[in-house]
**Student:** 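Got a structure for you, questions after.
As the structure is a prediction and not an experimental result, all values here were calculated from the model. Because only heavy atoms are used, hydrogens play no part in the values below, and waters and symmetry mates are left out as well, while side chains stay in. Each chain gets a letter, A, B and so on, in the order the sequences are listed, and its residues count up from 1.
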Protein chains: 2
Amino acid sequence: MTARQDVQQADVPAICKSCEARQDGLCGAFNARQLAELAKASSRHEVPAGTELPDDGTYSNLLSGVVKLTRNLSDGRQQIVGFHFAPDFLGRPFEAKKPIRAEALTNVALCSFPKVIIDRMANEMPELGRLLLKHTLNELDEARDWMAALGRKTASEKLASFLLMVARNTDPAHHPASPISFDLPLTRTDIADFLGLTIETVSRELSRLRSDGTIRIVNKRQISLASMAQIEERCGD
Amino acid sequence: MTARQDVQQADVPAICKSCEARQDGLCGAFNARQLAELAKASSRHEVPAGTELPDDGTYSNLLSGVVKLTRNLSDGRQQIVGFHFAPDFLGRPFEAKKPIRAEALTNVALCSFPKVIIDRMANEMPELGRLLLKHTLNELDEARDWMAALGRKTASEKLASFLLMVARNTDPAHHPASPISFDLPLTRTDIADFLGLTIETVSRELSRLRSDGTIRIVNKRQISLASMAQIEERCGD
DNA sequence: GAGTCGCCTTGATCGAGATCAAGGTTTTGC
DNA sequence: GCAAAACCTTGATCTCGATCAAGGCGACTC
């Protein structure tokens, strides 16, 4: 049984159904006929944590899980340049100059479709092109926020900003004043590679935020905050 | 006399003529009728160094000069998140969440046109949407390169990478093995704000690169390199 | 020409975060 | 259930780049 058949036969949320319901990813823009065509062409993948995702021009909706994007220097130093949290849209509409490495941080479920179909639809449908553009602009905006953090924030401001980002992605609608707890989908090494720090500094700063009372470390991977607002104060911006 | 009349009467290179000839900026995508319409709606501006450019939704081709984009933290720490060198295209197709500050580093000549015109043309013309998207993807790619630099490079690698970027923008077609010299359109403060360093470190690292023989500092604002390839080796990537 | 201002360089010292080191905890595999 | 491996924390020390301080240089004013 192929992945494609799987989508058609089972009642699993394929791109069209799940995304249309949620009005996110790409799917808000399509009409019923297009959604049906996409459903046929799409395939659902389950990918275990640690897998590298090919940069092959396919487009995907990230149904669940977290993906990291990385750049490496020649001697192996690594910088994480972005994350994708469900229900983000993945994929680079044109071949960019440098390939980007993408890797699943957690188990990941993807609904992906061939480049040619999206490209054709983008030509028919200015709406879709706009959506892709808007999406890319948001990514650019985020990248620039992190540039400011990497260049100008202290270690503890970086940690606070990172925790706030994860909290926001865990529950975008969360009330700023009420407590929240969430899983960190990353190792200390990944956090360090994102914030331009070492794992020891990450560990120390987390301990400091805990003894401050700013955060509670339920276990190594689970954090709880008294409020978003409180951590926001420590971000420096 | 308004700027608009100025464009029509004088033979100054407005977007359409100059850009079509150069095949850059936005203008490669337009036909003759559209170019004529753009010419009518466009206005040419000369802006002195230090002016802040409004983030008002207009689109512009940067005809000459250099522009910096910045993010500020609440206490005034500044990070430069990008540059535009002529003949880049400026403008953000949709309102993004955070406004971005743009400032002319040198005297700048702009050819700008109202948002509504471009937006309408983008709807008629999938080509144009693609161009905007491609353009934004390139900016994203660059932002991510600088994230890697800010997070993981040493001060001297950052300086080398910066000099290489300026050299490439000064003469994109330059042969990698032959010598090149160029003006730095920035103060030491701006360089520091871009690289996440202090002005003293920038100054010291430039001095070190000079005593290495990697660069020659003709005067404070003019640098010459034996070759692009040589400086490339010192960038760490 | 003297004085002021903006910008840059260089030296001395400091400190945030890196590195080195050791041990603890959690997960995995048999 | 035990051993090994992976991951995390904490302490001691070091270092790169920041900070503090002084002076140089060029442009502009009077």
**Student:** With rounding to the nearest 0.5 angstrom, report the NE2 to CD1 distance, A:His174 to A:Ile180.
**Tutor:** 4.5 Å
**Student:** For the side chain of B:Arg188, counting heavy atoms from C-beta on, which of D:dT19, C:dC8, D:dT10 is nearest?
**Tutor:** C:dC8
**Student:** Starting the side chain at C-beta, find the nucleotide from C:dT10, C:dG17, D:dT9 nearest to B:Ser203.
**Tutor:** C:dT10
**Student:** I'd like to know if the side chain of A:Arg188 and the backbone of A:Lys220 have a donor-acceptor N/O pair within less than 3.5 Å.
**Tutor:** yes
**Student:** Can you tell me how far P of C:dT10 sits from CG of B:Leu209, to the nearest Å?
**Tutor:** 13 Å
**Student:** Take the protein atom NZ of B:Lys220 and the nucleotide atom C1' of C:dT9, then report the distance between them rounded to whole Å.
**Tutor:** 7 Å
**Student:** Take atom NZ of B:Lys158 and atom C1' of D:dG17, then tell me their distance rounded to the nearest Å.
**Tutor:** 9 Å
**Student:** Any salt bridge linking B:Asp193 with B:Lys68? Criterion: basic side-chain nitrogen under 4.0 Å from a carboxylate oxygen.
**Tutor:** no
**Student:** Does C:dT10 have OP1 or OP2 sitting under 4.0 Å from an N or O in the side chain of B:Arg210?
**Tutor:** yes
**Student:** How long is the line joining CD1 of B:Ile223 and C1' of C:dC8, in whole Å?
**Tutor:** 13 Å
**Student:** Please state whether the base of C:dT19 and the side chain of A:Arg204 form at least one donor-acceptor pair under 3.5 Å?
**Tutor:** yes
**Student:** Would you classify A:Thr198 as touching base, sugar-phosphate or nothing, given that sugar-phosphate means primed atoms plus P, OP1 and OP2, and contacts are heavy atoms under 4.0 Å?
**Tutor:** base
**Student:** In whole Å, what is the span from the CG atom of A:Asn219 to the C1' atom of C:dG24?
**Tutor:** 16 Å
**Student:** Could you tell me how far apart B:Leu206 (CG) and C:dT9 (C1') are, to the nearest whole angstrom?
**Tutor:** 11 Å
**Student:** Suppose we call a contact any N or O donor and acceptor under 3.5 Å apart; does that hold for the side chain of B:Glu200 and the base of D:dC20?
**Tutor:** yes
**Student:** We want to know whether B:Arg234 and B:Ser156 form a side-chain donor-acceptor pair, criterion being a heavy-atom distance below 3.5 angstrom.
**Tutor:** no
**Student:** Would you check if the side chain of A:Asp145 reaches a backbone N or O of A:Met147 as a donor-acceptor pair within less than 3.5 Å?
**Tutor:** no
**Student:** How would you label the contact of A:Leu197 with the nucleic acid (heavy atoms, under 4.0 Å): base, sugar-phosphate, or nothing?
**Tutor:** sugar-phosphate
**Student:** For A:Glu205 and C:dG17, give me the distance from atom CD to atom C1', rounded to whole Å.
**Tutor:** 9 Å
**Student:** In whole angstrom, give the distance that lies between atom CG of B:Leu184 and atom C1' of C:dT9.
**Tutor:** 15 Å
**Student:** Just to be sure I understand the rule, does A:Arg208 reach a base, reach only the sugar-phosphate, or reach nothing, if contact means heavy atoms closer than 4.0 Å?
**Tutor:** nothing
**Student:** Could you tell me whether the phosphate oxygens of C:dA16, OP1 or OP2, come under 4.0 Å of any side-chain nitrogen or oxygen in A:Thr201?
**Tutor:** no
